[in-house]
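Below you'll find the structure, written out as structure tokens, and then a few comments.
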Amino acid sequence: MKPFKLIFTEKKITTINLVITCFLFLVFSACSKPEKKRIINFPETDLAAEHLIPKPLKIVSSKNGFPLDAFTSIHTATGLEGFTEVGMFLAEKIKAKTGLNLPVNKNKTASIISINQVDGASTDNPEGYQLIITADSILLNAPTAAGAFRGIQTIRQLIPETSDKTLAKNEIWVIPTGSINDAPQFEYRGAMLDVSRHFFSVADVKKFMDVLAYYKYNTLHLHLSDDQGWRIEIKSWPKLTEIGGRSEVGGKSGGFYTQEEYTEIVNYGLARHITIVPEIDMPGHTNAASFSYPFLNGNGKKLEYYEGTKVGFSTFDTRKDTVYAFIDDVVREISALTPGPYFHIGGDESHVTKKEDYVYFVERVEKIVQKHGKRMIGWDEVATANVDATSVAQWWASKENAEKALAKNMKVILSPANKAYLDMKYDTLSEYGLHWAAYIPVDTAYIWNPESYLPKKNILGIEAPLWTETVSNMEELAYLAFPRAIGYAELGWTIQENRDWENYKVRLANQTFYLDRMNIKYYPSALIDWKKQEDREATDLMD
Ligand code: TNX
């Protein structure tokens, strides 16, 4: 009897197992997403650059579709700095655009977006990336988290505005298949915001950075001090903000960032792979500092708040050691809060500083910047001093100064005012802006070749500065910055032979939907045939 009993028991167990297995299978199949292989018949769509800015290096289309939908999950390289964060960032942006809540690094699903670390993925550029899009996966390969971050901007731009409800029972955002190999042409792609002439809140700066990140900028230069206001807390010199932070153009209350707020901006940048370059403009443009601490003043005049827009009347006293002790504290405190490699010392328009004093000043301050572990950037005038090859000159006005910089083997950032200044009016009818350098309509801003200024090897990159004498809030900022800043993004990223105004114009027109979603009130230049909200579906079909 015993063996029989045993057999019976085994049988019973086996049967129970079977029942449980079947039950589990049924539960699993009912709960789980559709089986791995889904057959969806996509209409033939081309992977093209119609929605992409900056235009990538190389695109190959394979005329099928990838279904971005509720059955998509995101997977990233783990244990490597920054990759998981890039995946989470993408999930957040996909949610904002489509409402889809994609899991990150959880179970694999029917379609996957996989973000991987691959050395030399596209080129050997650290910000390069490669996208391989097939009917069930998007592989994003990049050597660094920064490269992966640039790559997910391309994915965001490839997601259509509207979903398709006819291909399956659920909504699908169809991404065309193919491959993209991409890398930037310049390592420095920046915008500058002058928060001194008018102060801008942390929230405004963050919003500006959101849009810059979408177009693959990697640098935001903050002009933190000028005659009209000092905008960053310096713990060892508190009057700089207590007194110097209280004014701005037009006399309004001004403002400043506490060190915690500045750190918040820096960290927001880090999450977007955007480096903050802090600028303390000196020895000119220093009325606010000297009004706070009169021993700094070198122009011999009685000090008061300055709320106008003239330039060139102020200077530090360049021959006092106490002035350099002050600068040492300022550079030390700001550098300690700034992970990026640069410190910008301004150095422009020091019209009331004697030439030899100016040169002496720049050379001494360069050493202070280096002592605190940073590389000095200065407006092109700094190249008139005997500065190191490691320092960088920012061309805004003078070819002659830029040539001096080249002779010293310095790298140059291109910001020629008549092409790249975001504060220049578009045309005579522009609501805001100045026009001392030029009127810069949207086409002029785009149609210029950085290499016609300097050999490529000497160009660190390009930067579009937004001086804020005439703008005081986000809406006015957006009017001057957009759409021109989008064109500068392409100038900094895309090689000359891939740039063409007629082609860019169409891609720019397609940015309406993103800019509207971001509530960015761009200047609706008549040169562009802007898409309208009712064109959303038609734009998707165009691809
Ligand atoms: C020149 S560009 C300046 C700024 C003004 C700007 C206005 C430069 C280095 N200096 O102080 O705000 O023009 O466009």
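Since the structure is predicted, the reported quantities are computational estimates derived from the model, not experimental observations. Order of appearance sets the numbers: ligands from 1, and atoms from 1 within every ligand.
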- Item | Protein heavy-atom partner closest to atom 11 (O) of ligand 1 - residue, atom, separation in Å | R197 NH2, 3.0 Å
- Note on the structure: Between F343 and the options V277, I377, V331, the side chain to side chain contact (heavy atoms under 4.5 Å, CB included) test singles out V331
- Query: In ligand 1, which numbered atoms sit nearer than 4.0 Å to a non-hydrogen atom of E349?
  - Reply: 1 (C), 3 (C), 4 (C), 10 (N), 11 (O)
- Query: Are the aromatic ring centres of F149 and F89 under 6.0 angstrom apart?
  - Reply: yes
- Matching residue for Y257 among L224, T241, L337, T263 - test: side chain to side chain contact (heavy atoms under 4.5 Å, CB included): L224
- Looking at ligand 1, does any of its N/O atoms fall within less than 3.5 Å of an N/O of W436? yes
- Message: According to salt bridge (Lys or Arg N to Asp or Glu O under 4.0 Å), who are the partners of E261, at least two apart in sequence or on a separate chain?
- Response: none
- Query: Do W395 and Y453 have ring centres separated by under 6.0 Å?
  - Reply: yes
- Query: Does Q394 come within less than 4.0 angstrom of ligand 1, counting non-hydrogen atoms of the residue?
  - Reply: no
- Judging by distance only, is a nitrogen or oxygen of D423 under 3.5 angstrom from one on ligand 1? yes
- Item | Nearest-neighbour protein heavy atom for atom 10 (N) of ligand 1, which is reported as residue plus atom name and distance | D348 OD2, 2.9 Å
- Message: Quick check: E469 and ligand 1, any N/O pair under 3.5 Å apart?
- Response: yes
- Query: In terms of atom number and element, which parts of ligand 1 are under 4.0 angstrom from non-hydrogen atoms of M424?
  - Reply: 14 (O)
